[in-house]
Amino acid sequence: MAEVLEDGTYDALVVDATEVDGGAARVDLTIVAGPHKGEVVTVRGDGLGDRALELLGVPATITVTEGTPHVRFEP
């Protein structure tokens, strides 16, 4: 992330996902509500690898705790 989001919970949508080395994925999420609406957050997720493209368009929740983001993808 270029800027660290404040601690809190953010609704987001996956706008890009790319498999990277070692079975991980780089996932770009755009925040869809609140004062950060439209900002893009990039995270790396392990174990997503070949499923990265399946995440496109999937809603997600970003929870930031002590400056560290955690992402939960909706089913």
Side-chain angles (χ1 to χ4, degrees):
M1 269 186 302
E3 292 183 29
V4 176
L5 293 170
E6 298 89 24
D7 284 1
T9 302
Y10 303 88
D11 293 327
L13 183 71
V14 177
V15 293
D16 194 19
T18 306
E19 182 178 356
V20 293
D21 54 291
R26 189 195 78 228
V27 181
D28 295 333
L29 303 109
T30 188
I31 298 175
V32 298
H36 293 283
K37 183 177 180 177
E39 291 185 25
V40 176
V41 176
T42 302
V43 296
R44 178 186 166 109
D46 293 325
L48 297 172
D50 59 347
R51 299 179 321 167
L53 288 179
E54 294 174 20
L55 294 173
L56 290 175
V58 170
T61 301
I62 304 169
T63 302
V64 180
T65 305
E66 296 181 8
T68 302
H70 301 274
V71 179
R72 181 176 52 89
F73 300 102
E74 302 300 324

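For the residue pair A17 and A52, the shortest heavy atom distance occurs at CB-O, 3.1 Å. Nearest heavy-atom pair across T65 and D7 is C-OD1, 3.6 Å. Considering every non-hydrogen atom in both P69 and V43, the closest pair reads CG-CG1, 4.3 Å. Annotation for A60 and V71: closest pair CB-CG1, 4.0 Å, computed over non-hydrogen atoms. The shortest non-hydrogen separation linking L29 to V14 is CD2-CG2, 3.9 Å. Shortest non-hydrogen contact noted between D46 and A24 is OD1-CB, 3.5 Å.
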### Query
Can D11 and I31 be said to form a side-chain contact (heavy atoms from CB on, under 4.5 Å), step by step?
CA-CA 6 Å; D11 293 327; I31 298 175; over 6 Å; no
### Task
Test V27 against L55 for side-chain contact (heavy atoms from CB on, under 4.5 Å), laying out the working first.
CA-CA 8 Å; V27 181; L55 294 173; 4.1 Å; yes
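Evaluation of the side chain to side chain contact (heavy atoms under 4.5 Å, CB included) rule for R72 yields T61, E74 as partners, not counting sequence neighbours. With sequence neighbours excluded, no residue forms a side chain to side chain donor-acceptor pair (under 3.5 Å) with E54.
Side-chain contact between R51 and E19 is absent, with no heavy atoms from C-beta onward closer than 4.5 Å. Using a 4.5 Å heavy-atom cutoff, the side chains of V64 and I62 are in contact.
One finds the OG1 atom of T68 at 11.5 Å from the CG atom of L5 (value rounded to the nearest 0.5 Å).
Side chain to side chain, T42 and D28 meet the donor-acceptor criterion of an N or O pair below 3.5 Å.
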